[in-house]
Participant: 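The structure under discussion is supplied below as structure tokens; questions concerning it will follow.
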Amino acid sequence: MRFLAPDMAQWLLVAPLAFAFWFLFMAARRRFRRQFEMGARTAALSRLTGWRRDVLVLLASLGAIGFLVLALMQPQVLLEVRMPEFSRQDLILILDRSASMRAEDVRPSRFARAVHEIKTFIDERPEGVDRVALVGFAGTSVVLSQFTRDASAISFYLDWSQDDYQPQFDTDIGAALAAARDLARKDTLPSTKVFIVLSDGEDHGQRLQTSLMRLQAERTRVHTIGIGSPADVPIPIGAPGAQRAFLTDESGKTVTTRFSESTLADIAARTGGRYYRSVTGAELAGAMRDAVDQERRQVGWTTTAEYRSAYRLALAAGAFCTLVLLLIL
């Protein structure tokens, strides 16, 4: 135990003074009773008369003084706190950049809302998440950002992807998973790698089954988040403007896209991850936080010693002694 204001201990000198007053009062009372022979008659009037009451008054008074002075000294006790220690986490975001992600069934668009929610999550990422990497994919996959602790670097590549209005045709989720797997395997720092796929679920590639088999063999879990509505919606092309153009096929018919859940749900189920559904986009940040929590691994315990203030306990004890004293008197 230590005291933040040890100089306040000088107020304990009040205790001997209180004892002296009590002793003088007891002596004067005894002389008065002997003089008028009132001792026996006074004792018969109340149970609180006599030496027991006198001792209780003394103890309550000294207790009130002692505890109140102890509170003024601001005592602190040394406590050991045992906290769980978790492994460091590195997050790999696998973001769908295909043309269908420009659909506006989610405002302002599937891709724009995903970018916004990812940036918000990274800025407020959980304490256990150390670094973040970004893989973008459509018909081909590209590592947009290696593992980094710099949130602004991830934001830069997200903004660059959002401002790139060149249509990215086809979707190969298998190739994206392979790129993310290679990225994780090449990293030399030990950590738990958290894989999160954000997509509208369409897949036209041929590598998905191979990638899933490798991830399963390595016991790597992949969490998937699907964004979009089940309705058929057109696919805008070009930068937003007064006159919007939509993707058409060779016959001039407008091409539509629809959210596909089966592929994303299958990826999560086969790898042991979790599948999340986002209809409005507002669910994305919460889904990413939950996916990160799913991958937390406790590796041990950390014991720290810290001082905790105990003046409230001393103050409460002093108040109790004061109350007892008031009830006796």
Side-chain angles (χ1 to χ4, degrees), residues 1-89 120-121 123-130 285-286 289-290 292-294 296-329:
M1 179 180 289
R2 68 178 183 183
F3 301 92
L4 296 182
D7 56 308
M8 299 302 292
Q10 60 186 338
W11 286 99
L12 288 174
L13 295 176
V14 176
L17 185 61
F19 177 80
F21 279 120
W22 175 86
F23 182 81
L24 294 175
F25 175 76
M26 293 297 104
R29 190 177 67 179
R30 283 194 299 270
R31 286 196 301 269
F32 179 79
R33 288 179 175 178
R34 283 196 301 268
Q35 182 178 356
F36 293 97
E37 298 181 354
M38 297 177 59
R41 284 176 292 175
T42 303
L45 294 177
S46 174
R47 293 178 301 171
L48 295 177
T49 58
W51 67 270
R52 292 184 179 87
R53 175 181 179 276
D54 296 337
V55 172
L56 188 58
V57 168
L58 175 63
L59 294 178
S61 301
L62 294 178
I65 293 171
F67 283 119
L68 292 177
V69 172
L70 182 63
L72 290 175
M73 293 172 66
Q74 300 184 44
Q76 291 186 328
V77 294
L78 183 63
L79 296 178
E80 286 190 352
V81 180
R82 196 163 179 252
M83 300 292 293
E85 184 179 356
F86 296 94
S87 63
R88 190 182 64 181
Q89 293 175 303
T120 301
F121 171 79
D123 289 337
E124 304 172 358
R125 63 183 180 269
E127 183 179 356
V129 177
D130 184 21
R289 281 191 293 269
D290 188 74
V292 168
D293 288 340
Q294 295 292 323
R296 296 192 77 185
R297 299 289 182 268
Q298 184 176 340
V299 295
W301 295 87
T302 300
T303 302
T304 59
E306 61 181 36
Y307 282 95
R308 297 276 183 91
S309 178
Y311 82 93
R312 291 183 179 86
L313 295 176
L315 192 62
F320 175 76
C321 292
T322 303
L323 179 61
V324 171
L325 181 62
L326 292 176
L327 292 175
I328 297 173
L329 296 178

Participant: Provide the closest heavy-atom pair for A9 versus V69 in the form atom of the first, atom of the second, distance.
Facilitator: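 Smallest heavy-atom distance, with atoms named: CA-CG1, 4.2 Å.
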Participant: Show your working on side-chain contact (heavy atoms from CB on, under 4.5 Å) between L70 and Y311 and close with a plain yes or no.
Facilitator: CA-CA 7 Å; L70 182 63; Y311 82 93; over 6 Å; no
Participant: Does the side chain of V57 reach to within under 4.5 Å of the side chain of V55, using non-hydrogen atoms?
Facilitator: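 No, too far: nothing below the 4.5 Å cut-off.
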Participant: Would you say that more than 12 heavy atoms from the other residues, nucleotides or ligands in this model lie under 6.0 Å from the CZ of R312, or not?
Facilitator: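 Count not over threshold, so no.
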Participant: Nearest 0.5 Å please: distance from the SG atom of C321 over to the CG atom of L325.
Facilitator: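 Separation between the atoms: 9.0 Å.
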Participant: Just verifying a value: how many Å separate L12 CG and L17 CG, rounded to the nearest 0.5 Å?
Facilitator: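 So the CG of L12 and the CG of L17 are separated by 13.0 Å.
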Participant: Hey, are the side chains of V292 and Q89 touching, using non-hydrogen atoms and a 4.5 Å cut-off?
Facilitator: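 Result yes, sub-4.5 Å side-chain heavy-atom pair found.
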Participant: Shortest non-hydrogen contact from A285 to F121?
Facilitator: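 In terms of heavy atoms, the two residues are closest at O-CD1, 4.1 Å.
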Participant: With rounding to the nearest 0.5 Å, note down the distance linking CG in L4 to CG in L72.
Facilitator: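 If I round to the nearest 0.5 Å, the distance is 12.5 Å.
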Participant: Can you measure from CZ (R31) to CE (M26) and round to the nearest 0.5 angstrom?
Facilitator: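 Reported to 0.5 Å precision, the distance equals 12.0 Å.
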Participant: Mind checking the CZ-CG spacing from R2 to L78? Nearest 0.5 Å is all I need.
Facilitator: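 Output value for this atom pair is 8.5 Å.
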Participant: Is atom CH2 of W22 surrounded by more than 12 heavy atoms (other residues, nucleotides or ligands) closer than 6.0 Å?
Facilitator: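 It does: W22 CH2 has more than 12 such atoms within range.
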Participant: Using 0.5 Å steps for rounding, measure from the CZ atom of F19 to the CG atom of L24.
Facilitator: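 It is 9.5 Å, given to the nearest 0.5 Å.
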Participant: Compare all side-chain heavy atoms of R297 with those of F86 and state whether any distance is below 4.5 angstrom.
Facilitator: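 With C-beta onward as the side chain, the pair stays apart.
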Participant: Counting heavy atoms not belonging to E127, are there more than 12 under 6.0 Å from its CD?
Facilitator: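 Atom CD in E127 is not packed in, count stays at 12 or less.
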Participant: Closest approach of V77 and A310, non-hydrogen atoms and distance?
Facilitator: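 Residues V77 and A310, closest heavy atoms: CG1-CB, 4.2 Å.
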Participant: Side chains of F67 and L315, heavy atoms from C-beta outward: is any pair under 4.5 Å?
Facilitator: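 A side-chain contact under 4.5 Å is absent here.
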Participant: Using a cut-off of 6.0 Å, state whether more than 12 heavy atoms not belonging to M83 lie near its atom CE.
Facilitator: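 Counting other residues, nucleotides and ligands, CE of M83 stays at 12 neighbours or fewer.
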Participant: Salt bridge or not between R308 and E306? Use side-chain N to carboxylate O under 4.0 Å.
Facilitator: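 The answer is yes: the pair qualifies as a salt bridge.
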Participant: If every non-hydrogen atom of A64 is compared with every non-hydrogen atom of T322, which pair is closest and at what distance?
Facilitator: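 Reported closest heavy-atom pair: CB-OG1, 3.5 Å.
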Participant: Search all heavy atoms of Q76 against all heavy atoms of Y307 and return the closest pair with its distance.
Facilitator: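 Smallest heavy-atom distance, with atoms named: OE1-CB, 3.8 Å.
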